[in-house]
Amino acid sequence: MFRTRIKFCGLRRPGDVATAVALGVDAIGLILVPGSPRHVTLDTAAKLRAGLPPLVGSVVLFKDADAGFVQEAIDAVRPDLLQFHGNEDAAFCASFNTPYVKALAMGGRLSLRAEARRYASASALLLDSHVPGGMGGRGETFAWTPLPKVARPLWLAGGLTAGNVGNGIKALRPFAVDVSSGIEARPGVKDADKMRAFVAAVRRADQKLK
Ligand SMILES: O=C(O)c1ccccc1NCC(=O)[C@H](O)[C@H](O)COP(=O)(O)O
């Protein structure tokens, strides 16, 4: 039976990471984007990542960072995945010899087919609700209209909550779902009950679709 993977993004506290791991989440996202209320330093990101057990993925997030900082972050944190959330081109994303996910701004006008060709080297495409150049973590959904089949795993993000994630899974059948605001008490502070409810909602959705 297919299991929709889950990424909890924007974690800043060891206790939140421990809750995510205990809930069986597949990956956590650590935000290295200045200006985000979920921003963590390289030192904090390295410590949080070091506390992860095997089989729980670590994703570090950038938005239009320079290559030197990306490489510094790779060396310090040793992440499983990079996530690029800005205007980074495919050559830049692929230049670090590390698997990467490219966020696509579904709040703008884009062709998913064209983006999938453009980022053919990406391990996955993250469909988020921001407009081009915008920040993530907005807590807003985009229109979940049918998507063309593309040769890249799709991660659904943007405004997901325990209350709507089942609808998102039913509508788009993503490989994974990615959430930040919807599991928070306030930006950067995750809420264990919301985290637990989110995971339960994903499992219920998968059960209905099997
Ligand atoms: O979450 C942020 O603060 C953030 C800031 C700048 C770039 C990316 C950011 N988050 C990226 C993510 O992958 C979020 O999980 C995604 O945007 C969904 O966020 P939300 O709508 O709050 O669930």
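Atom set for the values below is all heavy atoms of this structure, side chains included, hydrogens, waters and symmetry mates excluded. Both counts, for ligands and for their atoms, begin at 1 and track the order of listing.
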Give me the residue, atom name and distance of the protein heavy atom closest to [atom].
| atom | value |
| --- | --- |
| atom 18 (C) of ligand 1 | G158 N, 3.8 Å |
| atom 13 (O) of ligand 1 | Q83 NE2, 3.1 Å |
| atom 7 (C) of ligand 1 | G136 N, 3.4 Å |
| atom 11 (C) of ligand 1 | L61 CD2, 3.3 Å |
| atom 23 (O) of ligand 1 | S180 N, 2.9 Å |
| atom 16 (C) of ligand 1 | D128 OD2, 3.2 Å |
| atom 19 (O) of ligand 1 | G137 CA, 3.3 Å |
| atom 14 (C) of ligand 1 | D178 OD1, 3.6 Å |

For the side chain of [X] and the backbone of [Y], is there at least one donor-acceptor N/O pair under 3.5 Å apart?
| X | Y | value |
| --- | --- | --- |
| T19 | G15 | yes |
| D128 | G136 | no |
| R49 | R78 | yes |

For [X], counting its heavy atoms only, list the atoms of ligand 1 lying under 4.0 Å from any of them.
| X | result |
| --- | --- |
| I31 | 1 (O), 2 (C), 3 (O), 4 (C), 9 (C), 10 (N) |
| R138 | 21 (O), 22 (O) |
| G139 | 20 (P), 21 (O), 22 (O) |
| V179 | 23 (O) |
| G159 | 20 (P), 21 (O), 23 (O) |
| S181 | 20 (P), 22 (O), 23 (O) |
| S36 | 2 (C), 3 (O), 5 (C) |
| K7 | 13 (O) |

Inspect the contact between [Y] and [X] and indicate whether a charged nitrogen and a carboxylate oxygen are less than 4.0 angstrom apart.
| X | Y | result |
| --- | --- | --- |
| E115 | K102 | no |
| R118 | D89 | no |
| K47 | D43 | yes |

*asked:* When you group the ILVMFWY residues by side-chain heavy-atom contacts below 4.5 Å and let the links chain together, are F84 and V59 in the same group?
replied: no

Are Y119 and F175 connected, step by step, through hydrophobic side chains (Ile, Leu, Val, Met, Phe, Trp, Tyr) whose heavy atoms are closer than 4.5 Å?
-> no

N97 CG: over 12 foreign heavy atoms closer than 6.0 Å =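 Counting other residues, nucleotides and ligands, CG of N97 stays at 12 neighbours or fewer.
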
Item to check | Residue R3 excluded, over 12 heavy atoms near CZ under 6.0 Å | outcome: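 For R3, atom CZ is crowded (more than 12 foreign heavy atoms under 6.0 Å).
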
- Specify side chain, backbone, both or neither for K63, according to which of its non-hydrogen atoms lie closer than 4.0 Å to ligand 1.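 No part of K63 is near ligand 1 at this cut-off.
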
Within the 4.0 Å heavy-atom cut-off, what H130 brings close to ligand 1 is neither

*Is there a heavy atom in G10 that sits closer than 4.0 Å to ligand 1?*
no

Tell me which one of D26, D178, L23 satisfies side-chain contact (heavy atoms from CB on, under 4.5 Å) with I6.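 Of D26, D178, L23, side-chain contact (heavy atoms from CB on, under 4.5 Å) with I6 is met by D26 alone.
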
Tightest non-hydrogen contact, residues W155 and Q83, listed as CZ3-OE1, 4.5 Å

